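See below for the structure under consideration.
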Amino acid sequence: MCRYVGYGFCLYQFLKHPSLPFHFNFSPKDFPKLKNDAFLLACRGQETPHVPVWCMRQAGRYLPEFRESRAGKDFFATCRSPAACCELTLQPLRRFPFDAAIIFSDILVIPQAMGMDVQMVAGKGPTFPEPLKEPEDLLLLQSKVDVNKELDYVFKAITLTRHKLEGKVPLIGFTGAPWTLMAYMIEGGGSTTQSKAKRWLYRHPEASHQLLKMLTDIIVEYLLGQVAAGAQALQVFESHAGCLGPAEFQEFSLPYLRDIARKVKDQLKESGQDVPMIVFAKDGHYGLEDLSQSHYEVVGLDWTIDPRSARERTGGKVSLQGNMDPCALYAPKERIYEIVKKMLEGFGTRGYIANLGHGLYPDMDPENVGAFVEAVHAHSRHLLNLK
Ligand code: CP3
């Protein structure tokens, strides 16, 4: 596009959005051929030459180049720049042989698209100056969001990144799950108890369902948009599953997680597409059996679940992803190898994607992240050669 006739248009766009480079308008087609499909094969329980591995928050502050790129820039302004998102997504792949990339973005772009103000405050995390307080506040939300318009910057970031990956590894898109987003929108930020959000579940169950349904509809469209833009797998983060009990999970989380997978898959099927989906309900082990029957190909696990018991409880119905304690990366490299070895032997090499049980922390040593990736590849190849 950016040739001859395109130059005038590009120049116009550049003058309008000086932060966008000329190459911003890659289109979501003619993507480079995928060279490493181990991650996608593992999502579907198929044989792989090694166990694929990636890390949640692999694009993050533990990398000096990430800190340098982000320095002095507003977090959500960075999220709105496709070129910046692309660069941050690619950074960890230049260092480590990860088997998947995850687009740099944030789950809170959805509440923003619904009209809420969200800021990233240094030392505090995401902050909503005006969180939802009472059910009447739902009227202030944009319930019919034009996802293609409001979240277009994420789609552009995905398309650009898929091209710039040059087929090295697949690109994962993601979203927050309805309950996790609802909790942020009511709490106004991080919380250990989620008591303000849970107050809604007990005091205003109808309004809670109304909000969860509203979020589900937007999420479905958002995920479909990500696939159309070039995402090759999708992860749904239910990061706040742990503060729900089994009954509340059954009522306020699981039905929406199921709805999302079913609707996205039905729509994709109509256009002959099939994209693996991962559900990660952090600390939601009480829901493991249900999660393994929720139309997702992969269930992500935090580190509080033993690999063998997770396999037993999911009965071979899904692939599993996880679940080394992120803090194990503080251990010396030899110890990391031992921990990875145990984890691989617990999960087995088939239908398994190695990851941490949650994201990397900013003070982690990139060298130990490299040791983790290396250990997964080396020990899984060893196990596969024994077969
Ligand atoms: O590498 C990746 O995993 C892709 C990028 C990614 C980010 N956020 C970038 C980010 C992903 C997948 C997310 C998802 C996300 N965001 C979740 C779900 C995963 C989880 O952690 O359970 C949640 C709950 C959020 C909300 C959010 N955004 C939090 C709690 C924070 C941390 C705030 C802090 O100060 O520690 C963020 C900020 C954020 N999102 C950072 C990154 C790399 C760090 C801040 C920065 O870069 O300045």
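Quick note: numbers below take in every heavy atom, side chains included, and nothing from hydrogens, waters or symmetry partners. Indexing begins at 1, ligand by ligand and atom by atom, following the structure's order. Since the model is a prediction, treat every value here as computed from it, not as a measurement.
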*Pair Arg313-Ser292, side-chain donor/acceptor within less than 3.5 Å*: no
*asked:* Within the 3.5 Å criterion, strictly below it, is a donor on Gln91 or Glu87 matched to an acceptor on the partner's side chain?
replied: yes
_Met56, portion touching ligand 1 at heavy-atom distance under 4.0 Å_ = backbone
*Determine whether the side chain, the backbone, both or neither of Gln235 has a heavy atom under 4.0 Å from any heavy atom of ligand 1.*
neither
*Looking only at distances, please establish whether an N/O atom of ligand 1 is found under 3.5 Å from an N/O atom of Ser239.*
yes
_For Ala59, which part has a heavy atom under 4.0 Å from ligand 1: side chain, backbone, both, or neither?_
both
*What protein heavy atom sits nearest atom 21 (O) of ligand 1, and how far away is it?*
His358 NE2, 3.1 Å
*Which residue supplies the protein heavy atom nearest to atom 16 (N) of ligand 1, what is that atom called, and how far is it?*
Asp106 OD1, 3.1 Å
*Identify, for atom 23 (C) of ligand 1, the protein heavy atom at the shortest distance, and state residue, atom and that distance.*
Ile107 CD1, 3.4 Å
*asked:* Tell me whether ligand 1 is touched by Tyr184 - counting only heavy atoms on the residue side and a distance under 4.0 Å.
replied: yes
*Counting heavy atoms not belonging to Arg203, are there more than 12 under 6.0 Å from its CZ?*
no
*Under 3.5 Å, is there a donor-acceptor pair between the Tyr202 and Glu248 side chains?*
yes
